Colleague: 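Have a look at this one before I ask anything.
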Amino acid sequence: MRIPIQSVTPEIGHAEVCGFVHEVRDLGGLAFFLIRDRTGILQVTIPKKKVSEAVIAAAKAVSRESVVRISGQIKAVEKAPGGRELIPETFEIISLAETPLPLDVSEKVSVELDTRLDGRFLDVRRPRVAAVFAIRSAAMHALNDYFHREGFISITTPKIVAAATEGGTELFPIAYFDKEAYLNQSPQLFKQMMMAAGLEKVYEIGPIFRAEEHNTTKHLNEATSIDIEVSYADHTEVMRILEDVLVKTYEYVDKTCSDHLANMDITDFAVPKGPFPRLPYCEAIEIAAKKIDEPIKFGDDIGSAAERAIGAEMGGHYFIVDWPSGIRPYYAMPYENDPTICKAFDLMHPRMELSSGAQRVHNHDQLVQQIAKKGLNPESFDFYLRPFRYGMPPHAGWGLGADRLIMTMLGLPNVREAVLFPRDMHRLVP
RNA sequence: GCCCAGGUAGUGUAGUGGCCUAUCAUGAUUGCCUGUCACGCAAUCGACUCGGAUUCGAAUUCCGACCUGGGCGCCA
């Protein structure tokens with residue numbers, strides 16, 4: 001019966017472990033094998049005079065990163081890693097690894113990201129990389145848990161859609177029988193429809209697709225989005241939910257992932273403190289204008305240089321609120337007293353944008369006007385507009401980039417490191 | 001899409017016209033070694049992205065292609 005390596009202690013006497021051959025040190029009459037599974041590393045010590053011929057033959061034939069099953073006595077040894085070692089009675093090679101390996105799992109030499117992604121299955125064998133995905137899993141658990149506790153209904157919306165209803169970003173066209181279809185850029189319109197369906201609080205964690213030809217460390221063509229929509233809420237209420245769920249997610253990672261954080265050499269993991277500052281767009285561009293050369297005026301988008309300058313000034317997570325209506329989508333609700341600005345917000349990490357949201361326009365005629373004002377044709381928004389004609393509660397929501405959340409949480413230099421199989425302009429395999 | 005920097009053994013690199021039969025580390029193969037823990041020692045193996053040009057001579061210069069990294073733009 002195989003046991004995880006972290007459970008191997010001198011007290012258990014005898015153990016069978018399975019895992020990868022991490023390293024081999026053959027001293028002649030004595031050889032040391034380090035066996036690694038998800039839970040840790042165990043030293044297997046082979047005194048060649050005291051073990052069977054079969055064990056010696058297997059030990060000689062095995063290569064690094066092969067999969068093995070080894071059983072034997074566990075001894076307490078001061079000098080061994082973890083204070084214990086296994087003396088094998090059986091040594092079975094389950095799956096022999098080819099040599100040489102496409103990348104160095106033991107991290108003696110560095111590897112470029114491109115090489116790592118080409119051999120992702122080997123890359124993830126490295127504890128510091130596996131830690132990223134264990135932490136990502138914990139973060140996703142915390143998010144799901146939060147939404148369930150707060151009474152959100154988990155929904156799943158189609159990723160194959162008929163038309164480019166939102167405008168803005170480029171979409172991926174796909175062949176859908178004899179029709180033209182696209183991969184969806186966002187669950188936006190569907191989660192709003194669920195407000196008309198009366199579900200009141202919904203969330204979805206799922207893939208989104210953007211066909212932009214960007215080439216940066218923070219953009220992917222397939223990303224994971226955490227989306228919520230809440231009826232009878234305004235932008236301030238969903239901002240409160242956003243900072244709350246973000247803090248709770250950090251807290252959960254802090255509480256449950258200390259081993260993984262240690263594997264990544266993260267010693268200063270900090271849970272952000274809410275509430276986050278609400279910085280009006282007007283003040284944000286003033287800060288940017290003082291710090292960067294490029295002129296920036298009301299109605300301009302905030303570019304990456306400005307984003308970094310403001311981030312440095314703020315020092316932690318913050319919201320940019322009260323955006324010009326002109327640079328937000330048609331469904332963002334303008335302020336009644338000043339329609340040049342709207343009830344939209346971005347949640348920012350000092351490095352980059354994490355989330356956008358807004359109170360939405362829920363009045364059908366106002367929405368038609370706003371669509372037309374953006375130069376779009378309301379007739380092509382029929383399926384989206386229809387729910388607004390039969391009773392639509394006021395509502396607000398946001399979308400949070402899961403990959404960027406993990407990237408900024410763990411200080412990863414490239415968003416690709418937070419995604420198992422990233423999809424960018426150049427990478428479609430594996 | 002624009003700009004910049006690159007492409008050298010399995011991996012990561014050094015090498016800016018002849019000193020390159022190409023450096024170092026790691027790795028792989030073989031041998032020696034009973035307490036290693038990046039074990040040590042010895043031998044061996046293994047590379048200049050592709051095509052064209054300049055030159056007596058190109059890893060090195062030039063042109064083109066392909067690929068990679070980064071910045072910018074774009075990004076409901």
Side-chain angles (χ1 to χ4, degrees), chain A residues 22-34 41-51 60 63-65 75 77-83 85 87 97-119 122-123 161 164-171 184-192 208-221 223 225 227 294 301-308 327-332 344 346 352-353 355-358 360 370-371 374 376 381 384 397-399 401 404 413-414 416 424-427:
Chain A
H22 187 67
E23 265 190 83
V24 180
R25 286 192 274 273
D26 186 349
L27 274 57
L30 184 67
F32 300 100
F33 283 71
L34 298 182
I41 289 180
L42 175 67
Q43 175 165 294
V44 171
T45 302
I46 304 181
K48 289 183 188 165
K49 286 180 185 160
K50 295 180 189 165
V51 299
K60 193 170 162 55
S63 54
R64 288 166 72 208
E65 294 305 318
K75 284 176 34 184
V77 179
E78 195 91 351
K79 286 178 271 193
E85 66 183 16
I87 313 294
E98 282 181 27
T99 59
L101 298 163
L103 60 87
D104 176 22
V105 176
S106 65
E107 298 192 83
K108 285 178 190 163
V109 292
S110 54
V111 204
E112 287 198 355
L113 184 58
D114 191 50
T115 309
R116 291 173 49 198
L117 293 175
D118 281 341
L122 274 173
D123 184 47
V161 297
T165 44
E166 283 190 66
T169 192
E170 296 287 322
L171 301 186
N184 206 183
Q185 69 192 91
S186 146
Q188 179 66 30
L189 308 186
F190 292 101
K191 62 180 182 170
Q192 286 191 260
I208 57 171
F209 305 91
R210 313 253 163 121
E212 300 294 335
E213 294 185 344
H214 32 46
N215 190 11
T216 77
T217 54
K218 57 184 184 184
H219 289 93
L220 291 172
N221 295 294
S225 179
D227 269 88
E294 304 152 45
D301 226 320
I302 295 178
S304 3
E307 200 171 275
R308 277 193 303 272
I327 54 173
R328 300 300 286 210
Y330 54 82
Y331 49 70
D346 279 1
M352 71 191 77
E353 177 192 332
S355 170
S356 305
R360 324 297 190 185
Q370 296 241 353
I371 289 169
K374 293 279 177 191
L376 300 165
F381 288 73
Y384 172 58
W398 43 255
R404 288 186 178 187
N414 193 315
R416 289 161 183 78
D424 61 33
M425 255 176 92
H426 306 293
R427 182 173 287 279

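Keep in mind the model is a prediction, meaning the values are calculated, not measured. Every chain is numbered from 1 and lettered A, B, ... according to where its sequence line falls, protein lines coming before strand lines.
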Colleague: Which nucleotide in the list B/rA76, B/rA28, B/rG71 gets nearest to the side chain of A/P100?
Modeller: B/rA28

Colleague: Quick one: the side chain of A/R210 and the base of B/rA76, do they pair up donor-acceptor inside 3.5 Å?
Modeller: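 Under the 3.5 Å cut-off, the side chain and the base do form a donor-acceptor pair.
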
Colleague: Would you say a side-chain N or O of A/H426 is under 4.0 Å from OP1 or OP2 of B/rU68?
Modeller: yes

Colleague: Among the nucleotides B/rG71, B/rU36, B/rG27, which one has an atom lying closest to any side-chain atom of A/K108?
Modeller: B/rG27

Colleague: Could you check whether any side-chain N or O of A/S225 sits under 3.5 Å from a backbone N or O of A/G401, counting only pairs where one atom can act as donor and the other as acceptor?
Modeller: no

Colleague: Determine the Euclidean distance between corresponding C1' atoms of B/rC37 and B/rA42; express it in Å to zero decimal places.
Modeller: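 B/rA42 and B/rC37 have their C1' atoms separated by 22 Å.
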
Colleague: Counting any heavy atom closer than 4.0 Å, what does A/R427 reach on the DNA or RNA strands: base, sugar-phosphate only, or nothing?
Modeller: nothing

Colleague: Which comes earlier along RNA chain B counting from the 5' end, the contact point of A/N215 or that of A/E107, where each point is its nearest nucleotide?
Modeller: A/E107

Colleague: Roughly how far apart, to the nearest Å, are B/rU26 and B/rA9 at atom C1'?
Modeller: 11 Å

Colleague: Any donor-acceptor pair under 3.5 Å linking the side chain of A/R360 with the backbone of A/G397?
Modeller: yes

Colleague: Take the protein atom CD of A/E112 and the nucleotide atom P of B/rG10, then report the distance between them rounded to whole Å.
Modeller: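 Answer to the nearest Å: 15 Å.
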
Colleague: Report the nucleotide, chosen from B/rG35, B/rG12, B/rC72, that has the shortest atom-to-atom distance to any side-chain atom of A/L27.
Modeller: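 Looking only at side-chain atoms, A/L27 lies closest to B/rG35.
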
Colleague: NA contact type, A/S106, heavy-atom cut-off 4.0 Å: base, sugar-phosphate, or nothing?
Modeller: nothing

Colleague: Atom CG of A/L171 and atom P of B/rC75: how far apart are they, to the nearest Å?
Modeller: 13 Å

Colleague: Kindly say whether A/R328 contributes a backbone atom to a donor-acceptor pair with the side chain of A/K374 at under 3.5 angstrom?
Modeller: yes

Colleague: Could you please name the option among B/rU68, B/rA76, B/rC74 that lies closest to any side-chain atom of A/H214?
Modeller: B/rC74

Colleague: Measure from the side-chain heavy atoms of A/T115 and tell me the nearest of B/rA28, B/rG71, B/rG12.
Modeller: B/rG12

Colleague: Quickly work out the A/L42 CG to B/rC37 C1' distance and round it to whole Å.
Modeller: 13 Å

Colleague: Check side chain to side chain donor-acceptor pair (under 3.5 Å) between A/D301 and all other residues, then give those that pass, not counting sequence neighbours.
Modeller: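 Residues passing side chain to side chain donor-acceptor pair (under 3.5 Å) with A/D301: none at all.
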
Colleague: Expressed in angstrom and rounded to an integer, what is the separation of A/D118 atom CG from B/rG69 atom C1'?
Modeller: 14 Å

Colleague: Does A/Q43 make a side-chain donor-acceptor contact with the base of B/rU36, cut-off 3.5 Å?
Modeller: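 Yes.
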
Colleague: Between B/rA76, B/rG27, B/rC37, which one does the side chain of A/P81 approach most closely?
Modeller: B/rC37

Colleague: Between B/rU16 and B/rG7, how far apart are the P atoms? Round to whole Å, please.
Modeller: 12 Å

Colleague: Counting only N and O atoms by type, is there a donor-acceptor contact under 3.5 Å from the side chain of A/S63 to the main-chain atoms of A/A97?
Modeller: yes

Colleague: So, does the side chain of A/E85 form a donor-acceptor pair with the base of B/rG35 at under 3.5 Å?
Modeller: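 Such a pair exists between side chain and base.
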
Colleague: Starting from C1' on B/rU11, measure out to CG on A/D104 and report it in whole angstrom.
Modeller: 7 Å

Colleague: Is the phosphate of B/rG31, meaning OP1 or OP2, less than 4.0 Å from a side-chain N or O of A/K60?
Modeller: yes

Colleague: Using the P atom on both, measure B/rG40 against B/rG17 and round to a whole Å.
Modeller: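 Approximately 37 Å lies between the P atom of B/rG40 and that of B/rG17.
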
Colleague: Expressed in whole Å, how much space separates the C1' atoms belonging to B/rC20 and B/rG64?
Modeller: 27 Å

Colleague: Report which part of the nucleic acid A/D301 touches: base, sugar-phosphate, or nothing (heavy-atom distance under 4.0 Å, all strands).
Modeller: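 Counting heavy atoms under 4.0 Å across all strands, no contact is made by A/D301.
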
Colleague: For B/rC63 versus B/rU55, give the span between their C1' atoms, rounded off to a whole number of Å.
Modeller: 16 Å

Colleague: Quick one: is B/rC75 close enough that its OP1 or OP2 comes under 4.0 Å of any side-chain N or O from A/N221?
Modeller: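 Result: no.
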
Colleague: So which nucleotide from B/rC75, B/rU68, B/rG10 ends up closest to the side chain of A/D114?
Modeller: B/rU68

Colleague: Just to be sure I understand the rule, does A/A80 reach a base, reach only the sugar-phosphate, or reach nothing, if contact means heavy atoms closer than 4.0 Å?
Modeller: base

Colleague: So, A/D118 and A/R427, do they make that salt bridge, N to O below 4.0 Å?
Modeller: yes

Colleague: Please tell me which of the listed nucleotides, B/rU26, B/rG73, B/rU68, lies nearest to the side chain of A/T216?
Modeller: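 Nearest to the side-chain atoms of A/T216, counting from C-beta on, is B/rG73.
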
Colleague: Side chain of A/R64 only, please: which of B/rG70, B/rG27, B/rC72 is the nearest?
Modeller: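 Nearest to the side-chain atoms of A/R64, counting from C-beta on, is B/rG27.
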
Colleague: Take A/R404 and A/M352, measure what side chain to side chain contact (heavy atoms under 4.5 Å, CB included) needs, and give me the verdict at the end.
Modeller: CA-CA 8 Å; A/R404 288 186 178 187; A/M352 71 191 77; 3.6 Å; yes

Colleague: Taking the ring of A/F381 and the ring of A/Y330, is the distance between their centroids below 6.0 Å?
Modeller: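 Centroid distance A/Y330-A/F381: below 6.0 Å, so yes.
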
Colleague: Name the nucleic acid region contacted by A/K48, choosing base, sugar-phosphate or nothing; use a 4.0 angstrom heavy-atom cut-off, strictly under.
Modeller: nothing

Colleague: On the nucleotide B/rG73, are OP1 or OP2 found under 4.0 Å from the side-chain N or O atoms that A/S304 carries?
Modeller: yes

Colleague: Would you please test A/N184 and A/I208 for side chain to side chain contact (heavy atoms under 4.5 Å, CB included) and show each step?
Modeller: CA-CA 6 Å; A/N184 206 183; A/I208 57 171; over 6 Å; no

Colleague: Can you tell me how far C1' of B/rC75 sits from CD of A/E307, to the nearest Å?
Modeller: 11 Å

Colleague: Below 4.5 Å, heavy atoms only, C-beta onward: do A/D123 and A/V111 meet side chain to side chain?
Modeller: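 No, side chains not in contact.
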
Colleague: In whole angstrom, give me the gap between the C1' atoms of B/rC66 and B/rC50.
Modeller: 7 Å

Colleague: Which ranges of RNA chain B pair up as stems, where a stem means three or more consecutive Watson-Crick or G-U pairs with both distances under 3.5 Å?
Modeller: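 Stems (3+ consecutive pairs) listed as B:1-7 with B:66-72, B:10-12 with B:24-26, B:27-32 with B:40-45, B:49-53 with B:61-65.
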
Colleague: RNA chain B: A/S356 or A/A305, which has the more 5' nearest nucleotide?
Modeller: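 Its nearest nucleotide being more 5', the pick is A/A305.
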
Colleague: Have a look at A/D227 and say if it touches a base, only the backbone sugar-phosphate, or nothing, with a 4.0 Å heavy-atom cut-off.
Modeller: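 A/D227: no heavy atom of the nucleic acid under 4.0 Å.
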
Colleague: Mind checking the C1' distance from B/rA53 to B/rC19? Whole angstroms is fine.
Modeller: 26 Å

Colleague: Select one nucleotide: of B/rA28, B/rU36, B/rG31, the one nearest the side-chain heavy atoms of A/T99.
Modeller: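 Selected nucleotide (nearest to the side chain): B/rA28.
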
Colleague: When all nucleic acid strands are considered with a 4.0 Å heavy-atom cut-off, which category describes A/T217: base, sugar-phosphate, or nothing?
Modeller: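 If one applies the 4.0 Å heavy-atom cut-off, A/T217 turns out to touch the sugar-phosphate alone, with no base involved.
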
Colleague: Measure from the side-chain N and O atoms of A/K191 to the backbone N and O of A/W398, and report whether any donor-acceptor pair falls under 3.5 Å.
Modeller: yes

